[in-house]
Number of protein chains: 2
Amino acid sequence: MPDPVIRGPVTIEHVARRAGVSPSTASRALRNAPGVHARTRELVLRAARELGFAGPNWLARGLRTGESRVIAVEIESFTNSYYAELAEAIERKARHHGLLVVITTVPASEVDTAESSLRQLLRSGVAGLIHRPVTGWERRRRLLRELSACGLTVVIVGDDLTESDFPIVGVDTSQGVRLAIDHLYSLGHRAIGFLSPSDTCDRAVSYRASVRRYGLAERLYLVPSGIPVTEAAYQTALALLDAPDRPSAVLCFNDLIAVQMMQAARARGVRVPEDLSIVGFDDNAEARLLQPALTTVRIPKAEMGEKAVEIIIDAIARRLRGELSPEDKPVRVVYPTTLEVRGSTAPCAPAR
Amino acid sequence: MPDPVIRGPVTIEHVARRAGVSPSTASRALRNAPGVHARTRELVLRAARELGFAGPNWLARGLRTGESRVIAVEIESFTNSYYAELAEAIERKARHHGLLVVITTVPASEVDTAESSLRQLLRSGVAGLIHRPVTGWERRRRLLRELSACGLTVVIVGDDLTESDFPIVGVDTSQGVRLAIDHLYSLGHRAIGFLSPSDTCDRAVSYRASVRRYGLAERLYLVPSGIPVTEAAYQTALALLDAPDRPSAVLCFNDLIAVQMMQAARARGVRVPEDLSIVGFDDNAEARLLQPALTTVRIPKAEMGEKAVEIIIDAIARRLRGELSPEDKPVRVVYPTTLEVRGSTAPCAPAR
DNA sequence: CTGAAAGCGCTAACAA
DNA sequence: TTGTTAGCGCTTTCAG
């Protein structure tokens, strides 16, 4: 019998017909569902192979079962290596579990527009959303809660832990900041600045606490918003260097800002680490490329991404089992940070 | 009348019922399809708004119409900033056209395993695939052709243009290499090496041609495969530096390898650019962070990504119009490169 | 201009 | 163990 030509993807019905069984039997066999005679299963699998069956149509299956093999990730940008690392881990983990990953980017300039695309996600059979809070995130908690109410599992990934409505995967910011300040203090630094775009975020709060613990003065250098953050950080860094009471060490809000600090130092002829010690935060890939390499507080981004996926997979499984646990306290996973000591920090120069 | 509670996402039927019309009319109104009385449309839209209708379920619509609002991107890694830039542009363009982007990563170590996940894509209602060839890509042309035959538009993005079965978005490699060699030659360099993991790729071929054009000797330093490419590149770079006839300038296969070259030079105390000029390729983000900043051949990654999306959107539109053009010569878009002259190149030192 | 009916591909009940 | 039936939410004939 000549193979009947099948245009378009092969469906379960094709396989069933060829194997001489009903579609439902074919479906069961293909899914390894129980209650299929071994010989029948064989038959079906062979037919599938011969026809080049590529697996069931997920749209159809999803429509029928309500299941979903897709999770969504919302980040600010791919080219920020922090997010890239996070997304990579998420995708890897998801792939190993047979999940597809839809990535949506929400540029800071479009936080408002983004609502519609998130809603679309919901209607696209997405099982979960991994959300990394960005500027303006406060505005969308309502939306997120709404999505969550519609059965979509929302997981927050971030280091600000002031959140309790959703499962959250975060890091112990205050511990990380303490690591950095302890390191600088033990190198003899007593004038330790903090270069940050915010003075109310967890990192800033922790900085103040850490510095106070040693009885040191707070030296917060606030990066103004409005202009692109790198440019603003660079300007603020210059101002920091030009100030008469320039600190001997600076903790930067993150590595992106630390890069600007380094470049500003170079522009002013301030040697790092001899004249100025710099510590970053996050441990982005570029930290190691800088010259000198950047001492920084490492955030376990890969682990965090994987954990977020696990939480979603868990939620999916639980929902399948009918345990529609509405609000039994969202999970909170907090990772510790580590200090990566590299070349940008050194003992405080005695002569100042 | 109290709002009847609707659990789960609101469907078109809910909207229809509330508006007092049939589902088909609601569907038409929501889609802005012709043949709906203005007043009826109003009614439907209002009902939709009141119910918080978030748009039609794409699974259902896709199942019915065969349309798809999802495109897939296959890259090797997120953390390689080349791919990150590409993916970012793709996602942005896609988002602006209302398309969702599924990103699949194919680590070099898993090129074989990856087949199944690509097949899954096909069954997930994906309209197009943007494929950036990676190691082992030859092995999957068969698969790609198969997917393509099933109605999925495959677009290749890359700089090796030896491909004619699929639409391709690429760059003029030989022009780019010539740019680099011309630059070095005009700086007085006559011993120009090429540090590359392959001696048969377009870039290597172009290097040989360019160097021959000036009557210079070929100095190809081949990075062995098997071990991680960065490590291998570093070792080869050291060998290059230690050789008695060390070149005065090196063109690197890409910026990733150029980074290794820089670090090897630092390790050996060879000053860049005084003792050695280095040119990269791609213009990754890190090129600007290096010290000195890397002179490199810029590839317009963002434009390429956007163009790839356009090609897919075009194909979707054409298919909807029924123009199932089977094989009318795939599009080829070739971008020129530009040379970004930065600090890593300088006139050849006279004394050697 | 609107509604009723059918079906995209799949799977969960229920029957056999 | 297997087949039959129905329906997920939507769109698209085809009548009205």
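The analysis underlying the following values was restricted to heavy atoms, covering all of them including side chains, and did not include hydrogens, waters or symmetry mates. Letters go in sequence order (proteins before strands), and every chain restarts at 1.
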Expressed as a whole number of angstroms, how long is the span from [X]:[atom1] to [N]:[atom2]?
X	N	atom1	atom2	value
Ile12(B)	dC8(D)	CD1	P	14 Å
Arg69(A)	dC10(C)	CZ	P	16 Å
Leu59(B)	dG9(C)	CG	C1'	11 Å
Glu42(B)	dC1(C)	CD	P	15 Å
Glu67(B)	dG9(C)	CD	P	15 Å
Arg17(B)	dG3(C)	CZ	C1'	15 Å
Arg31(B)	dC10(D)	CZ	C1'	9 Å
Arg28(A)	dT1(D)	CZ	P	10 Å

Legend entry - Earlier contact from the 5' end, DNA chain C, for Pro23(B) and Arg64(B):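 Looking at DNA chain C, the more 5' nearest nucleotide goes with Pro23(B).
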Legend entry - Given DNA chain C, 5'-ward residue of the pair Ala60(B) and Gly35(B), judged by closest heavy atom: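 Here Gly35(B) is the residue nearer the 5' end.
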Can a donor-acceptor pair be found, under 3.5 Å and without considering hydrogens, that links the side chain of [X] to the backbone of [Y]?
X	Y	value
Ser68(A)	Val70(A)	yes
Glu88(B)	Phe78(A)	yes
Arg17(A)	Pro23(A)	no

Inset, instruction - Provide the closest heavy-atom pair for Ala94(A) versus Ile71(A) in the form atom of the first, atom of the second, distance. - result: CB-CD1, 4.1 Å
Of the listed nucleotides ([options]), which one gets closest to any side-chain atom of [X]?
X	options	value
Leu63(A)	dG9(C), dT2(C), dA4(C)	dG9(C)
Pro56(A)	dC1(C), dG3(C), dC10(C)	dC10(C)
Phe53(A)	dC10(C), dG3(C), dC10(D)	dC10(C)

Closer than 4.0 Å, any side-chain N/O of [X] to the OP1 or OP2 of [N]?
X	N	value
Thr40(A)	dT2(D)	yes
Ser27(A)	dT11(C)	yes
Thr25(B)	dT2(C)	no

Legend entry - Salt-bridge criterion met for Glu42(A) and Arg46(A) (N-O under 4.0 Å): no
Legend entry - No-H, no-angle donor-acceptor pair, Ser24(A) side chain to dT4(D) base, under 3.5 Å: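 Looking at the base of dT4(D), it does pair with a donor or acceptor on the side chain of Ser24(A) (distance under 3.5 Å).
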